[in-house]
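In what follows, a structure is listed as structure tokens, so that the remarks can point back to it.
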There are 2 protein chains.
Amino acid sequence: MTKKISIKDIAAISGVSPATVSRVINNNGRFSEQTRQKVTKVIEKYNYQTNTLAKGLRMQKSNTIGIIVPDLANTFFSALVEKIENQFFSKNYSTIICDSKRNITKEIAYIQMLEAKSVDGLIVISGQKMFDSSTLNRAVPVVCIDRKPSNKTDAFISSNHYQGAVIATQALLEAKTQPVLFKVHGQSSSINDRIQGFKDTLQQNLTTDSIIDISATNQAGSNERRLELRTQLRNLMGKQTLPLGIFAYSDTLAADLITAARDLNLSIPGDLKIIGFDDAPIAKYCYPELTTIHQDTSKIALAASQQLIDAMQNNRQTAANNTIINVHLVKRGTV
Amino acid sequence: MTKKISIKDIAAISGVSPATVSRVINNNGRFSEQTRQKVTKVIEKYNYQTNTLAKGLRMQKSNTIGIIVPDLANTFFSALVEKIENQFFSKNYSTIICDSKRNITKEIAYIQMLEAKSVDGLIVISGQKMFDSSTLNRAVPVVCIDRKPSNKTDAFISSNHYQGAVIATQALLEAKTQPVLFKVHGQSSSINDRIQGFKDTLQQNLTTDSIIDISATNQAGSNERRLELRTQLRNLMGKQTLPLGIFAYSDTLAADLITAARDLNLSIPGDLKIIGFDDAPIAKYCYPELTTIHQDTSKIALAASQQLIDAMQNNRQTAANNTIINVHLVKRGTV
DNA sequence: GTGAAAGCGCTAACAC
DNA sequence: GTGTTAGCGCTTTCAC
């Protein structure tokens, strides 16, 4: 129950003023080498740690950033967040991770909470809609990943979803299938881009059955979703000649499709060929291992953290900096 | 670039003192209904939000808790953390999630950072060793999940790992295999309990080959780990009669074992039977789907958050409260 | 029922 | 090179 030791205490013990201790800690302003040693010794002896709340209040910055992620259970997002968090940790920022569960109400609540905590910056990943930073009172820099900001001063980092969709669709075409796009119901900039790439590649081969919307209420991995996918697959088989060629919106969805296909005794890639998107960790645990479009999460994480840190340090908005990152096809067992 | 509006501003605009505004916001102390309405209206109009840094500084509590997790990329942990975070969110606490990557140095750095941020409590999940809260200067309540605290005043919540190991080993025995335990190198209370359960069930059938240690440096899902597992499996096949019976320390490890077995053209569950531990989301994406020991993450998350909140609100240490949660076998396709 | 004032722990201007 | 002072935004005694 020992109360935490403060800068005043350190000052008193070392026989200097709090200001001097502060100078030593932050290594700014002038002080003698002798003072430095004296103070440092006391700090170490008492295991003193700066109270970041007080410091944050005083400096009007918290050295904390917030991340809004749509779904931590998705291995693509958890891997991405892990990398981002790691970047910030090495730059001495702490990170508050918020799982919005793709729920707009929860997201807004989180953003207000983060703002009240005086976060210095925000990373907002994907989700259903455009991100509208006008919910923010202060002007905190925002970097959006995979989700177009409505505010033109927010930075935007994204894989080239259009390109990825084109590559995937072409691969499906080359494998002599009639491609079908499976997506979860909802809108987002990445979804729209992929749909566009899909459509543009298919052109006259596009039919009303080419895009299949999966209910968003059924959670990834749940029996409900698998049931729904099974029904959709069975449906499709009645209408199309085998092999079916599926472009799945995400690896998670692809993984669920694989299990659904198994339930129907469809062989992959014999009866059914499938390409995912993300190259999430789960892709390598599927059987057959999932052919997919690789997103470079390391690059995304790096770009996002660099841009945000730059914006925070220069105390300005993220200069509407758009970064588009290339993707590529990873051939595994499902095509 | 508008500066954030403060309680003083609200006070000035409403024509009352900051003290009164504070009373209204926190609904404590006395004030007239008329004042309440007046102030509330101004707060809403200006979208005022309490600065939690200042409040935290003043009240010596931050309404923030920290979670130390060994590996966010592991679907068991990400699912667990997601549930914990959700619990705290609904109780108006925010959560700083820290991925220690099972690195003790990083973990200590995180704990110091969290302490400097004046977190009101800490949840520490699993990891390599016992958790030693003596690195903490202040007396902040700690709840350990799956990891025995060395400090007797810290609470401990855990699945019954011993029981789980017994159940798994018995199932393997009943399937007429000679059980082998695969684990990642390292110590932890959960590892030790499972080993004990394994040994106690095996008794005289225990041999020097019964426990296989996998190098901890090779990351889950990596090619290096799979290579290592392949070597180990091949080795084992030379010595033992089929079918082999593997009790894998975690579902992640089990999943890697399944892919390694595939590379060796071993059929599961024909040549090789395998039982995992956790019932992580990944278990249902394996092929065959993984038979495993189910840990009740919802219960763990609930127990952990309740105990921590209780300790924080009553401003005392978590009363050395040990909660052991039952586990059970989930039969799927690998046994 | 409300206001004035002090102080949480820190840093930055200003003095000397 | 170092100390004094003010103030970040909030809550909470203590007056009245």
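Each chain gets a letter, A, B and so on, in the order the sequences are listed, and its residues count up from 1. The model shown is predicted, which means the values in this text are computed figures rather than measured ones.
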Where each residue is assigned the nucleotide of DNA chain C containing its nearest heavy atom, which of B:Lys38 and B:Leu57 is assigned the position nearer the 5′ end? B:Lys38
Measure from CD1 on B:Ile10 to P on D:dT11 and round the result to the nearest Å. 13 Å
Estimated bend of the helix from C:dG1-D:dC16 to C:dC16-D:dG1 (axis per five terminal pairs, rounded to 10 degrees): 50°
So, is B:Ser22 near the phosphate of D:dT11, with a side-chain N or O under 4.0 Å from OP1 or OP2? yes
Between B:Asn86 and A:Lys106, does any side-chain donor sit less than 3.5 Å from a side-chain acceptor? yes
Counting only side-chain nitrogens and oxygens, does A:Lys8 get under 4.0 Å of the OP1 or OP2 atom of C:dC10? no
Pair of N/O donor and acceptor under 3.5 Å linking D:dG3 base with A:Arg23 side chain: yes
Closest-nucleotide 5' rank along DNA chain D - winner of A:Ala19 and A:Ala54: A:Ala19
What's the CG-C1' distance between B:Leu53 and C:dT11, to the nearest Å? 14 Å
Between A:Ser94 and B:Lys117: side-chain donor-acceptor atoms closer than 3.5 Å: yes
Roughly, in whole Å, what's the span from CG in B:Asn51 to P in C:dC8? 18 Å
SB check B:Glu107 B:Arg147 (cutoff 4.0 Å): yes
With a 4.0 Å cutoff (strictly under), does any side-chain N or O of A:Gln60 reach OP1 or OP2 of D:dG9? yes
What I want to check is whether the side chains of B:Asp146 and B:Ser190 have a donor and an acceptor closer together than 3.5 Å. no
Modelled atom types, side-chain donor and acceptor of A:Gln307 and A:Thr323, under 3.5 Å: yes
Quick one: label B:Thr35 by what it contacts on the DNA or RNA (base, sugar-phosphate, nothing), any heavy atom closer than 4.0 Å. sugar-phosphate
Between B:Gly15 and A:Tyr48, name the one whose nearest nucleotide on DNA chain C is closer to the 5' end. B:Gly15
Nearest-Å distance, CZ (A:Arg30) to P (C:dA13)? 14 Å
Answer yes when A:Glu115 and B:Lys4 have at least one side-chain N-carboxylate O distance shorter than 4.0 Å, and no when they do not. no
Is B:Arg58 close enough to D:dT11 that one of its side-chain N or O atoms is under 4.0 Å from OP1 or OP2 there? no
d(CG, B:Asn63; P, C:dC8) in whole Å: 21 Å
Grab the NZ-C1' distance between A:Lys117 and D:dC10 for me, whole Å please. 15 Å
Considering only NZ, NE, NH1 and NH2 on the basic side and carboxylate oxygens on the acidic side, decide whether B:Arg36 and B:Glu33 come within less than 4.0 Å. yes
Quiz question: going by heavy-atom distance under 3.5 Å, is there a donor-acceptor pair between the base of D:dG1 and the side chain of A:Arg36? no
OP1, OP2 of D:dG3 versus side-chain N and O of A:Ser17: anything below 4.0 Å? yes
Nearest-Å distance for atom pair CG/C1', residues B:Asn27 and D:dT11: 15 Å
Measuring to OP1 and OP2 of C:dT2, would you say a side-chain N or O of B:Ser32 lies under 4.0 angstrom away? yes
Interatomic distance where CE belongs to B:Met59 and P belongs to C:dA6 [whole Å]: 21 Å
Taking only side-chain N and O atoms of B:Asn28, does any of them lie within less than 4.0 angstrom of OP1 or OP2 on D:dT11? no
Should B:Asn26 be listed as having a side-chain N or O under 4.0 Å from OP1 or OP2 of D:dT11? yes
Minimal heavy-atom distance between A:Ser78 and A:Leu72, with the atoms involved, is CB-O, 3.4 Å
